[in-house]
Structure formats: C-alpha cells, structure tokens
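Right, one structure below, let's go through it.
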Amino acid sequence: MSVMASVVNVFVDEVGDHGNPLGIVWASAATKKHEAEIAADLGFSETIFIDEISQDVAHVRIFTPAGEVRFGGHPVVGLASWLHEAGDDIRTISCAVGSARVRVEGERVFVNAMPEWTTNFVLERLSSPEEVLAVDPEAYSEGTFCVWAWIDEEAGVVRARVFAPDLGIREDSATGSAAIRLTAELGRDLQVVQGSGSVLYTHRRNLGREIEVGGRTSPERLVELA
C-alpha cells in the first residue's frame, strides 16, 4: 500500500526560496508503526503525521530520521501554514509535549511554544556571519548545536547554522526550535537567517515564558512512497 506525502518548504524567504522541506502525512493503517521508516525514506529533517483533526485542533506526531521527537518548530509551523492554505481554521497544533497556538499574519504563520519543549541546543556565538558560514559541519559528530552571530544587533538580525547529528541531521536548513532557544537566551525578538537563506521570525510572549516562531511556507508538492 502506497503512502502519499505532501511536501512544503518552511521558512522560505520573501521570494519563496530556500526553507526546510517538511513531509506531511495523514496517519492511516499503512503508516501505523512505520512512521520512522517513512520519515527516513522521505529523507527530510522532520516529517509530521496528522492523527486527527477535531474542530480547530490538529493532533500530530513528529519524526526525525532518528525517531520521534516531542516538538519541532519547523513541522508545526509548516503544518499550520499548509492547513491554513487548504482553508482549515486550525487554531491549535497538539503534539506530544503540549499545544501550540496558531496565528496568521499575512503571508506568515506563527505558533506559540514553551522554550522547554524544544531540543536543548548548545548555542555557540561567533564573532561574525562570515565565521558562521565558514564552519565545517564535520566538526560536529555528535550533539545538537546552533552556531550564530549578529548580522545587525540593533535590529535583532542573526545569522545561524544548526548541526544536530544526535537527531540524524548533519545540518538543518531552518530550525524553529533553535530559534526559540536563541530568542529565550537573548531575551529579545529576532529575525534569523539560517542555512542557505531561510528566514525565521520570533517574538517573546507572556513575559518571555512563551516564544512565537513563524515565517513563510511554500506551496505543496506531492510525493508517493511505495
């Protein structure tokens, strides 16, 4: 039995380039107990499975190539955007660790999350964006790291790269969880340029106890897995 996956790029720039591919799959008898295998076959940093949509809440599970994770900013934002584009008035994404509220602002879709939901990335500040771009991913054989530097500190613009071999991800193109962690650590709203040019936006909410992360998502394309 084949499985169809919708694929979108999450956190694309203003013209729709870059971003992080996300697989979106409706849970079914064909996917049950095969989620990790499906995620590995798709080969993206994360794939999100929709178990159920009840009223305005989507209940989901998230998998990296290494297995299930409790939360992921890129899959939750991507799913919220995909559902919004399909005309579904989804206000909450419920995942293993909690419920993320959804907000739409023009072309950008945001979700609220608690910093403690996210992977505990090691945040490494470098002196310049050029140093960030020069980092060799082979230097990170284990762990989860966000390497960053200011592009414009006054404006809150950051250049970042994320390496997460512990999650089966050599280098991630755009990482909502890392942006949430960095926002919580710095205590201010950010615009994060990651990877080859993905763009993420964050806002502190509820006196910093919650962080909103979001951005733009590309139109879907379909992939069939045998």
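The analysis underlying the following values was restricted to heavy atoms, covering all of them including side chains, and did not include hydrogens, waters or symmetry mates. For the single chain, residues carry numbers from 1 onward in sequence order.
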Exercise. Counting only N and O atoms by type, is there a donor-acceptor contact under 3.5 Å from the side chain of D152 to the main-chain atoms of A155?
Worked result: yes

Exercise. Does the side chain to side chain contact (heavy atoms under 4.5 Å, CB included) test come out yes or no for T31 and F49, once each step is laid out?
Worked result: CA-CA 9 Å; T31 66; F49 292 82; 4.2 Å; yes

Problem set entry | Closest non-hydrogen atom pair between A149 and S127, with its separation | CB-C, 4.3 Å

Exercise. Would a 4.5 Å heavy-atom cut-off, applied to side chains only, mark N9 and D17 as touching?
Worked result: no

For this session: Could you grab the distance from atom CG of L123 to atom CG of L186, nearest 0.5 Å is fine?
Result: 8.0 Å

Problem set entry | G72 to E46 - nearest heavy-atom pair and separation | CA-OE2, 3.7 Å

Problem set entry | Sole residue of N20, T64, V10 in side-chain contact (heavy atoms from CB on, under 4.5 Å) with S45 | N20

Problem set entry | Mutual orientation of the aromatic rings belonging to F163 and Y140 [parallel < 30°, tilted 30-60°, perpendicular > 60°] | parallel

Exercise. What do you reckon, is CD of E116 surrounded by more than 12 foreign heavy atoms closer than 6.0 Å?
Worked result: yes

Exercise. Does the side chain of T92 pick up a donor-acceptor pair with the side chain of R101 at under 3.5 Å?
Worked result: no

Exercise. Does a side-chain N-to-carboxylate-O contact under 4.0 Å join R170 and E138?
Worked result: yes

Exercise. Of all heavy-atom pairs between S196 and H18, which one has the smallest distance, and what is that distance?
Worked result: OG-ND1, 3.0 Å

Problem set entry | ILVMFWY network linking I24 to L83, side-chain heavy atoms under 4.5 angstrom | yes

For this session: State which residue, out of F121, W117, F71, fulfils the side-chain contact (heavy atoms from CB on, under 4.5 Å) condition with I180.
Result: F71

Exercise. Considering only heavy atoms from C-beta outward, does the side chain of T183 approach that of R204 to under 4.5 Å?
Worked result: yes

Exercise. Rounded to the nearest 0.5 Å, how far does OG of S94 lie from NE2 of H59?
Worked result: 5.5 Å

Exercise. Between A30 and V3, which heavy-atom pair has the shortest distance, and what is it?
Worked result: CB-CG2, 4.1 Å

Problem set entry | Cluster overlap V12 with V193, hydrophobic side-chain contacts below 4.5 Å | no

Exercise. Going by heavy atoms in the side chains, are V7 and L222 under 4.5 Å from each other?
Worked result: no

Exercise. How many angstroms lie between atom CG of L200 and atom OG1 of T175, to the nearest 0.5 angstrom?
Worked result: 7.5 Å

Problem set entry | Side-chain H-bond candidate by donor/acceptor type, S198 with Q194, under 3.5 Å | no

For this session: Determine, using the 4.5 Å side-chain heavy-atom cutoff (strictly less than), whether V192 and F110 are members of one ILVMFWY cluster.
Result: no

For this session: Tell me yes or no: between the side chains of E124 and W148, is some donor less than 3.5 Å from an acceptor?
Result: no

Exercise. Transitively linked via ILVMFWY side-chain contacts under 4.5 Å: M4 with V60?
Worked result: no

Problem set entry | D189-T202 side chain donor-acceptor pair, cut-off 3.5 Å | no

For this session: Report yes or no: does E35 contribute a side-chain atom to a donor-acceptor pair with the main-chain N or O of K33 at less than 3.5 Å?
Result: yes

Problem set entry | Smallest separation among heavy atoms of A160 and C146, with atom names | CB-SG, 4.3 Å

Exercise. Does the pair I151 and V158 meet the rule for a side chain to side chain contact (heavy atoms under 4.5 Å, CB included), with working shown?
Worked result: CA-CA 5 Å; I151 295 175; V158 164; over 6 Å; no

Exercise. Same hydrophobic cluster for V162 and L190, using side-chain heavy-atom links shorter than 4.5 Å among ILVMFWY?
Worked result: yes

Exercise. Between S54 and V57, is there a donor-acceptor pair closer than 3.5 Å when you use the side chain of the first and the backbone of the second?
Worked result: no

Exercise. Quick one: does R161's side chain get under 4.5 Å of V135's, heavy atoms only?
Worked result: yes

Problem set entry | Test item: N206 side-chain N/O and G208 main-chain N/O as donor-acceptor pair under 3.5 Å | no

For this session: Please report the shortest heavy-atom distance between H74 and A174, naming the atom on each side.
Result: CB-O, 3.8 Å

Exercise. Can you tell if the side chain of F11 reaches within under 4.5 Å of the side chain of V77, non-hydrogen atoms only?
Worked result: yes

Exercise. Is I50 close to V25 at the side-chain level, that is, under 4.5 Å between some pair of heavy atoms?
Worked result: no

Exercise. To the nearest 0.5 Å, what is the distance between CG (L42) and CD (E37)?
Worked result: 11.0 Å

Exercise. Do I48 and R61 come within less than 4.5 Å of each other through their side chains, counting heavy atoms only?
Worked result: no

Exercise. Does the pair E212/R103 count as a salt bridge with the N-to-O cut at 4.0 Å?
Worked result: yes

Exercise. Do other residues, nucleotides or ligands put more than 12 heavy atoms under 6.0 Å from the CZ atom of R91?
Worked result: no

For this session: Answer yes or no: is there a donor N or O on one side and an acceptor on the other, between the side chain of S81 and the main chain of G78, under 3.5 Å?
Result: no

Problem set entry | Gap between atom CG of N112 and atom CD1 of I93 - 0.5 Å precision | 12.5 Å

Exercise. Is there a side-chain contact between I62 and V76, using heavy atoms and a 4.5 Å cut-off?
Worked result: yes

Exercise. Between the main-chain N or O of I211 and the side-chain N or O of R205, is there a donor-acceptor pair closer than 3.5 Å?
Worked result: no

For this session: Answer yes or no on whether R108 is positioned over the face of Y201, meaning its NZ or CZ is under 6.0 Å from the six-membered ring centre and within 45° of the axis.
Result: yes

For this session: Without swapping roles, check the side chain of R181 against the backbone of T118 for a donor-acceptor pair under 3.5 Å.
Result: yes

For this session: Calculate, to the nearest 0.5 Å, the distance between atoms CG and OG belonging to D172 and S177 respectively.
Result: 9.5 Å

